[in-house]
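Reading through the structure tokens given below for one structure.
Every number for a ligand or one of its atoms is a count from 1 in the order of the listing.
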Amino acid sequence: MGILLTPFLVVAGILLEGSLVKLPTLSKSVIANERVGVIHVHTRASDGSGTVAEVMEAAEKANLSFIAITDHNVAMTASDLAEDPPDLPIISGVEIGTNAGHFLALGIPPSWVQPRTKNDRELLAAARAVGAFRILAHPFHPFTPWTDWKTSDFDGMEIWNEDAAWRQNNFFDLLDALLLYSENDQLALVRLASTPEDNFAKWDELLEQRPVAGICAADTHARIRLGIGKDWRFPGYVPSLKVAREHVLLPPDAGGGNPALASAAELVQALKEGHSYCGLDSLYPADGFSFRVSSANGSAGPGDTFHLAGAARLQISTPSGASLPLIKVFRDGREIDEQEARTINESIAGPGRYRTEVFLPQPGFSGFRRWTLWVFTNPVYVTAN
Ligand SMILES: [Zn+2]
Ligand SMILES: [Zn+2]
């Protein structure tokens, strides 16, 4: 009897929690110079389950203010790109498969035809030649990792990849999430989040040489192949577009003085310069999160270089409605501070690359003290004057 009862109680507990936990609804960008969007989405043009129109409908429902569509080895057409409203631009992208792994090229011309080769160096160079922002995709994916670390001919890397993250969970966590999914799809995906330690370590190593933009990516397919002719739309586009979202910080003159109307090209430029941070917004919307180095002479945010002259302070502030976060501060890849606090305002000891990782507990009664990566920023580069 007890043997039969235990799994029943576990399933009932999971479903009960799913019905009780309400994650915040996400609103359209609320901060004037911040645009919130999702990078790395597949459509029917490759192995996704939805059309461009269906993806755009999901992006509207998820309240995004931009989306980067990246099908495998096929560029978007001019007519696909014409489906975007002015306040939700599509970044024209492609995910290029090479013999060293996958990379994204964002900001490519419509119907761009990539060279017919699998050589990663040739493909990276071809994407550079058309001015694309090139991002190594899921570099530590269990099946398709990036393997050519000798090249430096790329601009960014995915630190968080939703698709790779959920594949790293064990069988029981996946089963828990699948059960939860029917009751609370957003919570199910949040439960599968894990900190990408390998990606952070590699990023810090690359940053020792040069600036490399770090981003989070959804890698949404909304499709699992179940067999011949049968697909399951998991995870769906709408829940998937609510998890890992890139917050792009724009200059006040973007969009002709209205950053809400920033073009796809302006968004790509800001991303390439590292003017962005990632938020796992399903946990709590990270809009307005701030990470800056400031002194009497000025202030710098993610992706900026700050020339140190005299005393400077590191200032972090988190949105006030979230539960108490755990903030970690890194200088040149080494953790220098860790606090459970809503804000940090402390003097810095000297030049270096400063970045932060911020964690929130998992929601619900089974999430107590399970710190989950919520926000990470691109570094501020502090140099000696
Ligand atoms: Zn890929
Ligand atoms: Zn992909």
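At a cut-off of 2.8 Å, His40 coordinates the Zn ion (ligand 2) through an N, O or S atom. Within the 2.8 Å limit, His72 places no N, O or S atom next to the Zn ion (ligand 1). Residue His42: an N/O/S atom is found under 2.8 Å from the Zn ion (ligand 2).
The backbone N or O of Gly255 sits less than 3.5 Å from a side-chain atom of Glu266, completing a donor-acceptor pair. The main-chain N or O of Asp148 is found under 3.5 Å from a side-chain atom of Trp146 such that the two form a donor-acceptor pair.
Note that the CG atom of Asp120 and the CG atom of Leu136 stand 9.5 Å from one another [nearest 0.5 Å].
The atom of His102 that is an N, O or S and sits closest to the Zn ion (ligand 1) is ND1. Among the heteroatoms counted here (N, O or S) of Asp219, OD1 is the one nearest to the Zn ion (ligand 2). Among the heteroatoms counted here (N, O or S) of Glu95, OE1 is the one nearest to the Zn ion (ligand 2).
Residue Asp155 is tested with Lys272, Arg210, Arg134 for a side-chain hydrogen bond (donor to acceptor under 3.5 Å, both in side chains); the sole match is Arg134.
Side chains of Gln269 and His275: a donor-acceptor N/O pair is absent below 3.5 angstrom, by distance only.
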